[in-house]
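Working notes, beginning with the structure itself.
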There are 2 protein chains.
Amino acid sequence: MISKPQMQFIRSLAIKKYRTQAGVFVVEGAKAVAELLDTQHQIQAIYALPSWINDHAAKLRKYNDIVVEISHKELEMMSELSTPNQVLAIVQMPKAHINPILLTQKFVFALDQIQDPGNLGTIIRTADWMGMPYVFCSPDCVDVFNPKTVQATMGSVLRVSVIYTPLNELFIQHPQLPVYGALLNGKNLFETDFTTQNGFLLIGNEAHGISPSLHQHITQAITIPKHGQAESLNAALAASIIAAVAVNFKTPQ
Amino acid sequence: MISKPQMQFIRSLAIKKYRTQAGVFVVEGAKAVAELLDTQHQIQAIYALPSWINDHAAKLRKYNDIVVEISHKELEMMSELSTPNQVLAIVQMPKAHINPILLTQKFVFALDQIQDPGNLGTIIRTADWMGMPYVFCSPDCVDVFNPKTVQATMGSVLRVSVIYTPLNELFIQHPQLPVYGALLNGKNLFETDFTTQNGFLLIGNEAHGISPSLHQHITQAITIPKHGQAESLNAALAASIIAAVAVNFKTPQ
């Protein structure tokens, strides 16, 4: 049983302004919250059906004082999912620490004005699959703690650090790292040399591509060859294809 | 100005049952409908704002008797888009003709129980980009003429033929074509031989993967190498990565 103000607070977290004020976001669903328990994330509260609490009793022992048992009806009232799934947790927004050595050893995404919450979420999921530790976002990208984005990451938002920062400053701070920019007239992705196995994979806005002011920082423009007639590829798909090819590149013998 | 029954009919087309009964589907948006005018598709009606009709007067000449001028308010009432965009067309569902020679010269997708309308739409868009002429869907895939799917294809549904058919029968009918199945324990995608440049790229359901009954037809199981911790990749992303690598494969010298 939870109070009306508590319920209102949780529902307010669907809106960025209130998330930012409170410094927390919502993780939903049986699997994502179970994974959350195994991480270092600071959990403020867990709202769960009695059956879920029972099933996770051992892991929940250290969280005893923040677990709140709720009814299915209460869960439906607080959930942003079309099909609420047993449990919902309030989590402190993590502070991203960038390891400068790791940054020279791995590819990372740099996302310019990605607007669609689902696109951002699937790109973070891809980064997690490909072993990319960081996703850098221009300040005008959609918010990573948007419920739709969190959902689309399928838990990967708990493992990949997402950092909002002006991309031009980021590139200037790391002049030794290559910047691969996804453009329509770049070098064939499949003929591009990714031997160094590091640098920024720069992906532009869904409709307008990479901002003109960032073009000067691109050290290698790359293109996914077009064999048919579609005018463009979805931004998340393009990001994933580029990351897969870059990460799996083998230096020719 | 349109009648109430007309409006009800158009709105009913958001539901598969009524689309199937009428044998038509809806294409929305200024760009998609403009592209539609250049295709061989049979258009039953075009509902558009006066400004759009003016802008496309030349191309609309042969469609004069099926163009209906509507108000912005009427467009909002009939549209399935969150931001209605000037025009909406009612189009006859195309009959797919499979060219057996083309089928031996190109990769095609075979989709098993894809459930998400957005995933199906982006896969069709990818097929169009990659020059893949056909997308085969198991009968229990989501409907291609779902408004969300049509929207996600960004016009590619007008160029790629989508065919619903039992996949096991399809594979049996084409024993000479390889079947590349996306599994978690297959051969490294980046070490797979795609020299023949044809065959089926078989992608499974978002949650359950490829149906066990189809495994016997797979001639080469393939996997996108995992470098991080995500449990899985989004089905549309996996499909796109596999298609990009297959289509762009160069036989080693």
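Per chain, numbering begins at 1; letters A, B, ... match sequence-line order. Quick caveat, the model's predicted, so the values are computed rather than measured.
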Check the pair W129(A), I224(B) against side chain to side chain contact (heavy atoms under 4.5 Å, CB included), reporting the backbone distance first and the verdict last. CA-CA 9 Å; W129(A) 180 275; I224(B) 301 167; 3.9 Å; yes
Side chain to side chain contact (heavy atoms under 4.5 Å, CB included) evaluation trace for K226(B) with M130(A): CA-CA 6 Å; K226(B) 172 169 159 175; M130(A) 300 295 169; over 6 Å; no
Search all heavy atoms of S240(B) against all heavy atoms of L237(A) and return the closest pair with its distance. OG-CD1, 3.1 Å
[X] atom [atom1], over 12 foreign heavy atoms within 6.0 Å:
X	atom1	result
M132(B)	CE	yes
R159(A)	CZ	yes
L184(B)	CG	no
Y63(B)	OH	yes

Quick check on the interface: out of S232(B), A236(B), G155(B), A152(B), who has the most heavy-atom pairs with chain A under 4.5 Å? S232(B)
Which of the residues P133(B), P225(B), S156(B) is involved in the greatest number of heavy-atom pairs with chain A at under 4.5 angstrom? P225(B)
Using the side chain to side chain contact (heavy atoms under 4.5 Å, CB included) rule, take E231(A) and K31(B) through it: C-alpha gap first, then chi angles, then the decisive distance, then the call. CA-CA 11 Å; E231(A) 199 170 285; K31(B) 202 163 166 185; 2.4 Å; yes
Contact listing (chain A partner; residues 242-250 of chain B; heavy atom under 4.5 Å): A244(B), V245(B), V247(B), N248(B), K250(B)
How about residues 118-128 of chain B versus chain A: which residues have heavy atoms under 4.5 Å apart? T122(B), R125(B), T126(B), D128(B)
